[in-house]
Amino acid sequence: GPSTVKGVHHIGFYVDEMEAARKTIESEGSTECPGSSTVNAKYKGPDGLMIDMRVRGWDEQIKARMPLYQLTPAATD
């Protein structure tokens, strides 16, 4: 829906292992949100950014047909 927030305010990630990802994000100051589940973990980051995490099936679940961007590690000098 419409938002009054400028810029990125919600982002989703595939994770390799949900429990490890939950421990990591919580240790960095994020808090779990209502509506979070074992297949779709929802968190609010310390800066207010909403974060969703799934092990697989993001597009299958929300049926949004949004593009999936694959992140790769940045080159180090």
Side-chain angles (χ1 to χ4, degrees):
S3 175
T4 59
V5 176
K6 301 288 185 205
V8 175
H9 57 86
H10 189 153
I11 190 166
F13 292 96
Y14 282 122
V15 296
D16 293 326
E17 209 289 309
M18 183 63 80
E19 284 309 309
R22 284 178 179 269
K23 287 179 184 176
T24 299
I25 200 167
E26 289 172 7
S27 73
E28 295 297 324
S30 296
T31 54
E32 192 167 4
C33 296
S36 186
S37 70
T38 56
V39 295
N40 187 22
K42 297 178 178 289
Y43 283 85
K44 184 172 185 177
D47 59 356
L49 181 70
M50 297 305 299
I51 302 164
D52 286 357
M53 298 185 301
R54 292 185 65 80
V55 174
R56 69 174 187 85
W58 183 264
D59 193 49
E60 298 163 359
Q61 187 68 23
I62 64 171
K63 307 287 187 223
R65 306 294 179 227
M66 296 172 11
L68 173 65
Y69 297 97
Q70 298 290 335
L71 301 179
T72 55
T76 58
D77 293 332

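Remark: Thr38 pairs with no residue by the side chain to side chain contact (heavy atoms under 4.5 Å, CB included) rule, at least two apart or across chains. When the salt bridge (charged side-chain N to carboxylate O under 4.0 Å, His left out) test is applied to Glu19, the partners found at least two apart in sequence or on another chain are Arg22. In this structure Thr24 satisfies the side chain to side chain donor-acceptor pair (under 3.5 Å) test with no other residue, sequence neighbours excluded. Legend: residues meeting salt bridge (charged side-chain N to carboxylate O under 4.0 Å, His left out) with Glu26, ordered by chain and number and at least two apart, are absent. Residues passing the side chain to side chain contact (heavy atoms under 4.5 Å, CB included) test with Glu28, sequence neighbours excluded: none.
Across all their heavy atoms, Val15 and Ala21 have their closest contact at CG1-CB, 3.8 Å. Here the closest heavy-atom approach between residue Val55 and residue Tyr14 is recorded as O-CD2, 3.8 Å. Counting all heavy atoms, side chain and backbone alike, Pro46 lies closest to Ser30 at CD-OG, 3.5 Å. Minimum interatomic distance between Met18 and Val39 (heavy atoms only, all atoms of both residues): CE-O, 4.1 Å. The shortest non-hydrogen separation linking Tyr43 to Cys33 is C-SG, 3.6 Å.
By the rule that hydrophobic residues join a cluster once side-chain heavy atoms approach within less than 4.5 Å of another member, Phe13 and Leu49 end up as members of one cluster.
Judged as a salt bridge (charged side-chain N to carboxylate O under 4.0 Å, His left out), the pairs with a partner in residues 33-47 (not counting sequence neighbours) are, in order, Lys42-Asp52.
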